[in-house]
Amino acid sequence: MTTMQQRNESEFNEYKPAKIANSSVRLSWSNVTVSTKPTLLSWTKTKFEEIKQRDKNGLTNPNQPTVVEKTHSILNGVSGNINGGFWAIMGPSGSGKTTFLSTIALRLDTFRMNLSGDIRINGSPYTKHDLKCISGYVMQDDLVNPNLTVEETLIYTADLRMKPNISKEERMDKIDYVMKIMGIHHRKDVIVGDSRNKGISGGERKRLCIAMELLNDPSLLFLDEPTSGLDSETALSVCRSLHRLSNNKLSDKDLSCTVVCTIHQPQPQIFNLFNGLLLLRRGHIVYQGRPDKALLRFQRAGFPNTFSNDVLDAERSDAEKLLALMSLPCRENFAVDEEAGDEETAKQIQMRAKKDARNRNSRGGGVGGSIDKSSDGHTDVVVASNDAKKRSFSLGSLSDRLDNDGEIDNVVDYGEGFVGWLPYEDDYLFPIEVDVNADYNKDDNEVSTSLADLVAASSAAMALNHTTFLSVLTQWWAQHTVLLRRNLHLQWRRLDIVAINVLITLLLAFFISSSVWYNIGTGKSSASKRAPSLFFCVVDQGIVAAIQGTHAFPMERALMLRERAAGSYSVSAYFLAKSLADFVVQVWSPVVFTCIVYPSIGYAPTAQQFFIFMSFMILCTNATSSLMNMLSCVFVSIEMSTVLAACSWELLRLYGGFFISPEQMHSYPNWKFMQYIDYIKYTYVAVSLNEHSNLVVDCAPSELVNGKCSIPPLNTAHYTGDQLNEFYGFDNYTIAECAGYLLFYIFMARFVAYLALRFIKM
């Protein structure tokens, strides 16, 4: 090894964090680039003129619209590695912190983002399945069901994610353990709560989210802004727990877990807890190493001791100084010079700055494995270019900033008395040597733990690894059972909603059956009351179900996506459990409604017709709920789905068979398709056929006028239900056909809702 190579290695080792004992994960990444996918933009005539000036063979018609592809780079070929301990990812807003965390956690939305590069754990590429087995992810938003207690939340999480062969006693012991190490054991019987129902505090909610991820003893834990929204003491307490977890300072168990989090501006006590620090600026990793050496690294790279009047203020913490340094504008991007006046425009200043940057880069372009001073005072920090795993950059030095008079040539007046030294963009870029194929414990002469061994030893591996159809079915049924139990538990916890639902049903049933439609009988007056009352009963059963169906899935969608991303369950198991639990609650409304309304109005008195009527009320309620579930799953937002639900509801009522009968639809052949997709029509036709069975409408003696009687709509002295069915066109259907159509309608609406829930990840 040459002297220069020894100096290079020595300098990098100075910033390298100390190795954490028993840490089993080495996370490395090389040349990782993330950018938005191309979007289509219409260019204006002015833009075409600019194109024509650059290309003599450009467009012939500048008024003709065209489209171009435009992408935005978020991460720019970053490389690095994390080797145990508590790591922080810092940087100003927009630097790419959350995108970087999502990338290494394989949670990046690749539908909207382009991703390239190499990411590995212990030298091996990993998949989402591997991460679900060995890692946990705590989102910035603490998504927890507000109606469960702390202990209940952990119990359901353990039932869904831990090995199926673990006994109930062992699971409870594990739950008690994670509650104790996260400091929430004393709050285990308190509901999580929300803005309406007071529960645990924000810090306790964050601890609960972390405890949920610790149930499977993860080797790697990702957290997005764990201190966001917390007061200083609570944030410090949470970070101390993470520090103990990542540094094997738990008293009774050896739980080795590498913790990686994004954080914006930590207080000094939190900053001192980090074992390693990653600094991001404009999509580049500009520092990786020990937090206490970060400022020293920048000063040695050529940044002056005084970056500006207040960047290195003695009263500022190291974290604040680093963020201020990361937020400084660069010479290449600085386009305004108030002192230039009319002699030089801002655009010319920017072009001159870019030219200076190119000239400076050309002076430091040597190739080698050294850190040395060139003859002009420029610092060359170059890593061997023949190794594709390594990056090379050229760093400036303070002497490179001096003009002929010995003054720094890029000091800029920002106005209001703030004068700062203006760096070049690549001054921030430090060389990072990364060999993604390196064994984790190579330097320590220990036995390396492969990724496959980590996955096999994971507590979650048996819960996720299923190869045969029988094992997959067994796992699915176990998930469905737990989710059904949880959903029924939540419904029971919200008995106030169920009680209000029943109360509204009783109120509507009272007004329907106790006013103009009370005991309509079979006389002449019943002719004008029977059809409206039947149609209103059908419509009434859809109103409450429509409102509940619109809100069912959107309220839990974000929580479902988080649990699904963690590998807790499949979407089909969740969807069926949620649908069954909602059905159990909703079925009581049509049952109670039928028991009150049917005898009070005086419909056909046989038991068979009573239960047929009740069955179609249940089917109508379920069809409405299914349609609203479909709209809310497809269009995601409650606002959008509510508007579409109202529009759909009006159209369904219009073609529901009462305002326009099936017989009348023959006169409008272009609109007959509406009746084929209208579940209200099939419900109304079915209950009408049921009511008209064995019906005979005749005039009572008191209704005779001069011994004669004419009963609408047939305008005869009497008629049967079959004649009425023929008049309205109901005889073209049967009760069984209507029931079959409604069941098919429910199935298709639910199936579309499931597909939307499965594939629309918003």
Side-chain angles (χ1 to χ4, degrees), residues 516-517 519-541 594 597-598 601-617 619-620 623 651-700 703-705 707-745:
V516 294
W517 291 329
N519 194 19
I520 61 175
T522 58
K524 178 181 178 180
S525 61
S526 69
S528 61
K529 298 178 181 179
R530 180 169 284 103
S533 65
L534 288 171
F535 186 74
F536 191 85
C537 288
V538 172
V539 172
D540 172 76
Q541 287 309 293
T594 302
V597 168
Y598 195 89
I601 294 180
Y603 291 142
T606 66
Q608 179 182 1
Q609 290 172 296
F610 170 81
F611 285 110
I612 289 176
F613 182 89
M614 179 184 291
S615 299
F616 276 95
M617 292 297 101
L619 286 174
C620 182
L651 291 174
L652 292 173
R653 286 201 302 170
L654 176 61
Y655 293 94
F658 175 71
F659 299 107
I660 305 174
S661 68
E663 183 66 25
Q664 291 174 312
M665 283 302 297
H666 292 301
S667 302
Y668 309 98
N670 293 333
W671 296 95
K672 289 186 68 174
F673 73 94
M674 285 299 300
Q675 284 201 334
Y676 298 133
I677 61 174
D678 195 336
Y679 72 90
I680 291 181
K681 187 204 80 168
Y682 286 91
T683 307
Y684 174 63
V685 169
V687 296
S688 297
L689 289 171
N690 179 63
E691 176 62 19
H692 295 165
S693 178
N694 301 321
L695 174 68
V696 177
V697 179
D698 202 353
C699 287
E703 295 175 328
L704 296 175
V705 179
K708 297 180 180 180
C709 181
S710 178
I711 307 174
L714 274 61
N715 296 320
T716 60
H718 69 276
Y719 53 81
T720 64
D722 293 337
Q723 292 175 301
L724 203 57
N725 291 335
E726 183 179 358
F727 177 81
Y728 286 121
F730 297 158
D731 59 336
N732 295 319
Y733 307 89
T734 65
I735 293 178
E737 289 174 351
C738 292
Y741 171 84
L742 288 172
L743 290 173
F744 177 75
Y745 188 95

### Main-chain N/O of Q723 paired to E726 side chain as donor or acceptor, under 3.5 Å
no
### Task
For Y728 and V685, indicate whether the former's side chain and the latter's backbone hold a donor-acceptor pair under 3.5 Å.
no
#### Entry: Least distance between heavy atoms, M665 atom then Q675 atom
CG-NE2, 3.1 Å
### Task
Report the distance from atom CG of N725 to atom CD of E691, rounding to the nearest 0.5 Å.
10.5 Å
#### Entry: Exceeds 12 heavy-atom contacts within 6.0 angstrom, atom CZ of F673
yes
### Message
Using a 6.0 Å cut-off, check whether atom CG of N694 has over 12 heavy atoms from anything other than its own residue.
### Response
no
### Interatomic distance, Y719 atom OH to F727 atom CZ [nearest 0.5 angstrom]
9.5 Å
### Task
With the side chain counted from C-beta on, respond yes when L714 and L724 share a heavy-atom pair under 4.5 Å apart, and no when they do not.
yes
### Message
side-chain contact (heavy atoms from CB on, under 4.5 Å), that's the test. Do W671 and Y655 meet it? Break it down for me.
### Response
CA-CA 9 Å; W671 296 95; Y655 293 94; 3.7 Å; yes
### Query
From I601 CD1 over to F613 CZ, what is the distance, rounded to the nearest 0.5 angstrom?
7.0 Å
### Task
State the CG-NZ distance between N519 and K529, to the nearest 0.5 angstrom.
9.5 Å
### Query
For C537 and V687, what are the C-alpha separation, side-chain angles and deciding distance, and is it a side-chain contact (heavy atoms from CB on, under 4.5 Å)?
CA-CA 10 Å; C537 288; V687 296; over 6 Å; no
### Task
Would you check if M674 and Y668 make a side-chain contact, meaning some heavy-atom pair closer than 4.5 Å?
no
### Query
Is it true that a side-chain atom of S693 and a backbone atom of N690 form a donor plus acceptor pair closer than 3.5 Å?
no
## Note on the structure
Between A623 and Y679 the two heavy atoms that sit nearest each other are CB-CD1, 3.7 Å
#### Entry: Of Q609, M617, M614, the residue whose pairing with Y598 passes side-chain contact (heavy atoms from CB on, under 4.5 Å)
Q609
### Query
Rounded to the nearest 0.5 Å, how far does OH of Y603 lie from CZ of R530?
8.0 Å
### Query
Which residues satisfy the ring-ring contact (aromatic ring centres under 6.0 Å, His included) test with F535, sequence neighbours excluded?
F658, F659, Y684
### Task
Compare every heavy atom of G656 with every heavy atom of D678, then report the nearest pair and how far apart it is.
OD2-N, 3.3 Å
### Query
Can you find a pair of side-chain heavy atoms, one from L619 and one from L743, that are under 4.5 Å apart?
yes
#### Entry: Atom pair SG/CD1 of C738 and I612 - distance to nearest 0.5 Å
11.5 Å
### Query
How about W517 and F536: do any of their side-chain heavy atoms sit closer than 4.5 Å?
yes
### L695 and T522: CA distance, side-chain angles, deciding distance, side-chain contact (heavy atoms from CB on, under 4.5 Å) verdict
CA-CA 8 Å; L695 174 68; T522 58; 4.0 Å; yes
### Query
Side chains of F616 and I735: closer than 4.5 Å at any heavy-atom pair?
yes
### Task
State, to 0.1 Å, how close G657 and P662 come at their nearest heavy-atom pair, and which atoms those are.
O-CD, 4.2 Å
